[in-house]
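A, B, ... follow the sequence lines: proteins, then strands. Residue 1 opens every chain.
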Amino acid sequence: MAEYDQPPLSHPLPPEPPRAGFARGLSGAAVLAALALACAAAPLMADGSAVHRLDADPVAAALLDGRGSLSFALLAAVLGGGLGIGWALLAGLLGTLAGSRAERRTIAAAHRMAGWPLALLVPLAGGLVGPVWLLALVTALTAAPAVAALAHAELSTLMRAEFLTAARAAGLPEGEVLRRHLIPNLTRPLLAAGVLALPRVLAAESFASLLGLGLPPALGSWGASVGLAARLGDPVAFAPPALLLALALWAACAIADGVQAGQRKS
Amino acid sequence: MPRPVIRRLIDAMPTAVLPMAAGVGLSALVAPQPDAAMALLRGLVVTLLLTLPSLAVGTALGTLAGSWAAVAPRSAGGLIGRLLAGAGPLLPGFLLAAVAALAVRAGASAAPLGWTALSIPAACQAARLARPAMDRALGAGPEGGAVRMARGLGLDERTVLRHHALPQAVAPVMGGLRAAVLAAMVGAVALESLLDLPGAGALMVDSARAGSAAGAVPVLVALGGLTALLNALGLGVRDWIDPANHSSTPYDGP
């Protein structure tokens with residue numbers, strides 16, 4: 001009777017979907033972690049004592065510059081992701097309190113701003129304002145509208161989910177719906193939207209530093225080294241920071257793509 | 001000019017032309033230099049001449065390469081398409097502008113290198129969007145209906161690809177042109193500044209370096225308007241090409 005236990009041939013089991021997004025995200029995270037470790041260990045590369053960027057050879061100097069670029073990008077990405085998610089939550093709150101028109105207007109502003117060349121604000125801020133924290137805030141603002149648009153789309157999808165309607169129909173109070181259903185299901189999509197800020201802020205800071213209007217020289221930046229080498233016409237000094245910057249941008253984009261692909265699949 | 005493009009340009013008047021006019025007016029009123037408004041106008045023309053041809057050529061070549069990557073992935077054109085689609089994040093416009101500046105310092109000619117540097121990010125973006133769209137157009141899903149119908153009617157493969165599959169691959173590329181426009185604008189600003197070209201981006205960077213908000217902010221506003229104009233052009237071309245917008249037009253042969 002064993003042959004009757006087999007599934008019918010006309011209905012084969014669906015094949016396992018490929019996990020390309022996950023693999024890409026994982027490889028991006030591995031590359032970024034390796035870059036961060038190499039940059040952190042850079043002072044040990046030149047005889048264990050040379051920590052001054054100008055004294056080091058081009059590869060060690062590029063790794064030293066990476067500390068400034070990566071730490072600033074991490075700070076600005078956290079700020080930008082937080083601002084974008086806050087913007088999306090504010091739009092959702094306005095939709096609940098003041099109607100869908102207010103929500104649409106709030107998020108339409110984010111969509112319109114995402115179409116403007118906001119990255120140009122960073123060199124402008126670098127030239128006109130001094131402190132690094134203010135530059136980090138402006139850099140974060142350049143990424144916030146795109147994060148807000150994506151986070152709001154995820155939020156809208158979740159608010160239309162059938163299990164929320166079922167929970168409300170079962171008489172669950174709003175506080176319980178929020179605690180048991182909304183917050184656990186909202187955390188992952190919002191984090192996925194927030195990750196989108198990382199490649200944007202890294203690119204914006206590198207662009208501003210390339211023009212000489214980004215991070216101060218004492219902090220070091222891949223963009224600043226690339227810009228200086230391009231102006232001087234020095235390919236030996238140009239190649240290491242340019243390659244490391246391209247690799248870091250690829251890794252940040254891969255992480256963002258991977259997290260979003262995983263989110264769409266779930 | 002096709003009617004959908006004109007319609008999109010008219011719709012974009014408030015967001016494109018008004019910021020440019022406001023930028024020029026502001027620089028005439030508040031900028032420290034006496035001829036700042038004229039310099040900004042000339043700069044906008046230079047920036048437009050840098051970005052528009054690069055975007056057009058890059059998008060066209062990237063779309064063809066990306067589409068070919070879906071049709072014949074192992075051919076030379078298909079490999080180029082796959083390479084462009086995968087290399088997008090590695091090649092931001094400002095980094096390519098720095099490479100171009102380095103080559104110019106070594107004695108290369110500025111204009112072709114500048115246009116090439118600005119067209120590569122657009123080509124990468126176009127290839128990334130065109131390849132899956134072409135896959136869908138040639139696939140067994142609902143979006144492949146037009147191609148299946150054309151093949152069923154006995155049209156030769158070249159005509160099917162050119163008139164039925166390619167427009168379906170081009171439409172999402174033109175819809176997603178916004179990211180390519182932003183990359184081209186940032187790359188143009190870097191290129192103008194590194195090569196000392198008299199563009200609007202170089203004006204903004206020089207004013208920012210001098211700490212002059214009155215000189216830099218009007219240029220930024222005008223560059224925002226120029227970006228909106230390029231976006232509107234892209235959307236107009238999408239409306240013109242998209243098969244969904246003229247599905248009632250009878251097929252009149254190759």
Chain B contact via Ala114(A) - which portion, at a heavy-atom distance below 4.5 Å: both
Between Ala228(B) and chain A, which part of the residue has a heavy atom less than 4.5 Å away: side chain, backbone, both or neither? neither
Spatial distance of atom CG (Leu220(B)) from atom CG (Leu203(B)) [nearest 0.5 Å]: 12.5 Å
Note, Val237(B) side chain near Leu177(B) side chain (heavy atom, < 4.5 Å): no
In terms of heavy-atom pairs under 4.5 Å with chain B, which of Gly212(A), Ala203(A), Gly227(A), Ala252(A) leads? Ala203(A)
Where Ala230(A) and Leu102(B) come nearest, the two heavy atoms and their spacing: CA-CD1, 4.0 Å
For Ala106(B), is it the side chain, the backbone, both or neither that has a heavy atom under 4.5 Å from a heavy atom of chain A? neither
For the interface with chain A, which of Ala103(B), Gly225(B), Ala98(B) has the highest count of heavy-atom pairs at distances below 4.5 Å? Ala98(B)
Between the CG atom in Leu223(B) and the CE atom in Met185(B), the distance rounded to the nearest 0.5 Å is 6.0 Å
Given that the side chain runs from C-beta out, which part of Phe238(A) has a heavy atom under 4.5 Å from chain B: side chain, backbone, both or neither? side chain
When every non-hydrogen atom of Gly23(B) is compared with those of Pro218(B), the smallest separation belongs to O-CB, 3.3 Å
Would you say Val259(A) and Leu196(A) make side-chain contact, with heavy atoms under 4.5 Å? no
Side chain to side chain contact (heavy atoms under 4.5 Å, CB included) involving Ala210(B) - partner list, sequence neighbours excluded: none
Could you tell me which portion of Leu213(A) (side chain, backbone, both or neither) has an atom closer than 4.5 angstrom to a non-hydrogen atom of chain B? side chain
Report yes if some heavy atom in the side chain of Phe72(A) is under 4.5 Å from a heavy atom in the side chain of Val132(A); otherwise report no. yes
Between these two chains, chain A and chain B, I want each donor-acceptor atom pair under 3.5 angstrom written on its own line with its distance.
residue   : atom : partner   : partner atom : Å
His111(A) : O    : Arg178(B) : NH1          : 3.3
Leu211(A) : O    : Arg209(B) : NE           : 3.3
Leu211(A) : O    : Arg209(B) : NH2          : 2.5
Arg231(A) : O    : Arg105(B) : NE           : 2.9

Select, from Leu243(A), Leu124(A), Val129(A), Leu121(A), the one with the greatest count of heavy-atom pairs under 4.5 Å involving chain B. Leu124(A)
Distance (rounded to the nearest 0.5 Å) between Trp133(A) CH2 and Leu137(A) CG: 7.0 Å
Taking Val217(B), Val99(B), Leu91(B), Val181(B) one by one, which has the highest count of heavy-atom pairs under 4.5 Å against chain A? Val99(B)
Apply the test side chain to side chain contact (heavy atoms under 4.5 Å, CB included) to residues Leu249(A) and Leu245(A): give CA-CA distance (whole Å), side-chain angles for both, the deciding distance (0.1 Å), then the verdict. CA-CA 6 Å; Leu249(A) 281 172; Leu245(A) 175 58; 4.2 Å; yes
